[in-house]
Amino acid sequence: MRLSIPIAALWLTRLPGVLALDGALLRQLAELADQGLNADGTPILTSDEEESFSAFSVSSSDTENIVAEYVELPLDNFAKNGDFSYEGTFWNRYWVKEGAYRPGGPVFLYDVGEGDAEPYWRGRLESETSWFRQMVEEFGGVGIVWEHRFYGNSTPGGIDIYTPPEVFQRLTTAQSLADIDRFANQFSRKNINYTLTPDKTPWIMVGGSYPAMRAAFMRDRYPDTIFAAFASSAPVEAKIDMSGYWDPIVRGMRRYGFGNCTNDVIASISYIDKQLDRPSTAAALKKKFLGLGAEKTANADFADALSYTFSTWQSYGMEGSPYSLRKFCDHMSYDPETKKTAGADGWAKKKGVKWSVDRWAKWPYFVGMTNQYLDTNCSGNEEVEGNCELDYVVRSPAGIAWSWQYCTEWGYFQSANLGPNQIVSKYSSLTHWHDMCHRQFPTATPPLFPDWPATARTNAQFGGWHIRPSQVYWSGGEFDPWRTLSPMSAESWAPRVRESPSAPACGQKGGAGELFGYLLRDAQHCYDFRVGVKEGERSRGIWGEALRKWLKCFKPRKGRGKGRGREWKA
């Protein structure tokens with residue numbers, strides 16, 4: 001299998017200084033997984049993997065010269081009276097594949113979302129295993145990889161921890177959607193003698209996770225621009241309390257045969273919380289896990305470090321070298337003295353929970369993982385003092401931008417799932433997440449920066465769980481933590497729907513209790529975009545059939561779109 005992407009070592013070169021549950025990092029992991037790579041750049045190997053699982057055909061070679069292009073867009077798309085001069089403009093980056101185009105073919109837009117698009121566009125437009133490239137070529141279309149405003153090179157200026165909060169005033173979901181509308185309605189190619197704006201050519205938007213939300217929102221808010229959308233693993237419901245993030249991990253670990261490890265983790269967290277309640281035992285515990293110097297850290301920050309054990313789940317499940325949950329559970333369930341593996345109940349019940357806690361602390365990857373995620377230098381040795389600072393702020397530009405978005409609009413605070421399935425310390429509380437937002441932007445104040453994320457306003461604006469635009473295909477993984485906030489959520493506190501793989505007629509919106517979509521069994525986040533996953537093949541097949549059906553309904557409209565902009569190539 002040939003993977004023509006320059007990101008095999010991305011894990012080793014781009015992650016320092018990024019919170020483990022930050023969207024920018026998770027975007028990196030998802031993009032690597034989609035291309036069949038582990039987090040360390042090594043190939044994912046599965047027992048049923050073939051050369052490619054694709055619902056579309058693809059040519060064997062690609063000699064097209066694709067370069068970065070830019071379009072000038074206003075910082076405020078909603079300026080009164082259309083006067084954009086007050087706040088000015090910025091240049092938004094994108095890449096275009098046009099070599100497969102046949103007259104009348106669609107324009108496909110893949111939205112990268114909350115990350116720098118530079119490392120990923122080749123994997124989407126050039127790789128032989130790219131499902132997106134396959135789709136573009138099958139339908140004779142134009143393929144675009146789009147970079148979100150305030151990420152990568154699509155920013156009004158440099159972003160770092162000293163950037164004044166006022167700079168982020170126009171970093172909103174609504175503004176970023178309007179960017180796509182404005183861009184699409186002035187898009188053209190000098191090598192294609194055909195009108196490519198949405199009035200004459202169907203535009204199809206594709207995304208996973210936050211970009212999937214954006215795809216659905218675009219179809220809902222700009223139906224004359226986006227003709228159809230593929231929304232994979234889309235958590236469209238803004239919610240401050242996302243403690244439910246952890247429950248699918250527990251269910252999935254049990255389903256995959258790691259119930260013994262899960263039992264030991266749950267027992268260990270209960271014990272750890274009791275130790276953290278007392279300053280003397282808390283200090284000893286932190287040193288046991290991270291070495292001398294760690295005792296100075298706050299309980300909440302130490303709780304975050306423990307939660308990083310599960311950070312690769314959404315993209316890799318039990319896999320995801322180097323910090324895979326399989327390696328962790330193999331370690332937790334193995335007794336090096338007796339050389340035996342724990343039974344179904346785990347070791348904590350038989351040997352005592354302290355044994356399991358000690359085992360967790362001895363996991364060889366824990367200190368290295370913590371140091372890499374938090375750009376710190378814990379020693380891992382109780383006799384050697386390290387510079388073990390865990391009260392970290394995000395320093396990567398993409399991480400800072402996404403922090404602004406979830407702290408102001410979306411919430412997604414992945415606090416502890418208190419209860420019988422708790423795998424995260426209670427000290428990772430909603431208050432702690434609130435404090436992390438204000439630690440990240442210490443000078444930001446209301447109304448620009450709300451005290452708590454304005455999730456009620458966000459849901460009122462975009463529709464939340466109840467959004468049902470026509471010609472949208474929804475998909476999700478059975479054990480995807482983000483499914484909990486998608487229309488496919490199975491949680492008791494979410495509205496229940498019935499998924500159907502039968503595409504509705506053109507223009508037909510779904511009812512409140514029904515959804516055109518497919519739930520991928522034994523899968524996590526955006527698994528329908530991954531090579532080597534048979535359930536992903538099935539999902540893409542459903543989407544392909546629906547798109548062929550819908551495209552027959554497209555009718556060109558009179559007149560041109562309202563978007564404006566100037567383009568230039570780098």
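Hydrogens, waters and symmetry mates are skipped; everything else that's a heavy atom, side chains included, is used.
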(message) Applying side-chain hydrogen bond (donor to acceptor under 3.5 Å, both in side chains), can you list everything that pairs with S429, at least two apart in sequence or on another chain?
(response) none

(request) Check side-chain hydrogen bond (donor to acceptor under 3.5 Å, both in side chains) between D273 and all other residues, then give those that pass, not counting sequence neighbours. (result) Q422, S425

(request) State, with a plain yes or no, whether a side-chain heavy atom of Y316 is found less than 4.5 Å away from one of S324. (result) no

(request) Check each of V112, T155, D116 against E147 using the side chain to side chain contact (heavy atoms under 4.5 Å, CB included) test, and report the only one that passes. (result) D116

(request) Report the residue from Q314, R214, H525 that forms a side chain to side chain contact (heavy atoms under 4.5 Å, CB included) with S209. (result) H525

Measure from the ring center of [X] to the ring center of [Y] and say whether it is less than 6.0 Å.
X	Y	value
F230	F529	yes
Y210	H148	yes
W543	Y518	no

Could you check whether any side-chain N or O of [X] sits under 3.5 Å from a backbone N or O of [Y], counting only pairs where one atom can act as donor and the other as acceptor?
X	Y	answer
S428	A416	no
N417	I423	yes
K286	F302	no
S489	L485	no
R359	H331	yes
R133	G143	no

(request) Apply side chain to side chain contact (heavy atoms under 4.5 Å, CB included) to the pair Y245 and Y412, showing each step before the final yes or no. (result) CA-CA 9 Å; Y245 178 96; Y412 299 154; over 6 Å; no

With a 4.0 Å cut-off, would you call [X] and [Y] a salt bridge?
X	Y	value
R124	D111	no
K534	E537	no
R326	E319	yes

(request) Might you work through the side chain to side chain contact (heavy atoms under 4.5 Å, CB included) test for I272 and F289, ending with a clear yes or no? (result) CA-CA 11 Å; I272 286 170; F289 271 84; 4.2 Å; yes

Any residue meeting ring pair (Phe, Tyr, Trp, His ring centres under 6.0 Å) with [X], in chain and number order, not counting sequence neighbours:
X	result
H434	H438, W452
W404	F168, F441, F449
F150	none

(message) Can you tell me how the ring of Y308 sits relative to the ring of Y373, calling it parallel under 30°, perpendicular over 60° and tilted otherwise?
(response) perpendicular

(request) Please name the residue in the list R251, R255, R483 that meets the salt bridge (charged side-chain N to carboxylate O under 4.0 Å, His left out) test with E478. (result) R255

(message) Let me confirm one number: the CH2-NZ distance from W121 to K97, rounded to the nearest 0.5 Å.
(response) 10.0 Å

(request) Among residues two or more places apart or on two chains, list those pairs meeting salt bridge (charged side-chain N to carboxylate O under 4.0 Å, His left out) that have a residue in residues 410-428. (result) D277-K426

(message) Determine whether L290 and F366 satisfy the following criterion, side chain to side chain contact (heavy atoms under 4.5 Å, CB included), listing intermediate values before the conclusion.
(response) CA-CA 8 Å; L290 293 171; F366 183 76; 3.5 Å; yes

(message) Assess, by modelled atom type and distance only, whether the side chains of S539 and Y527 contain a donor and an acceptor separated by less than 3.5 Å.
(response) no

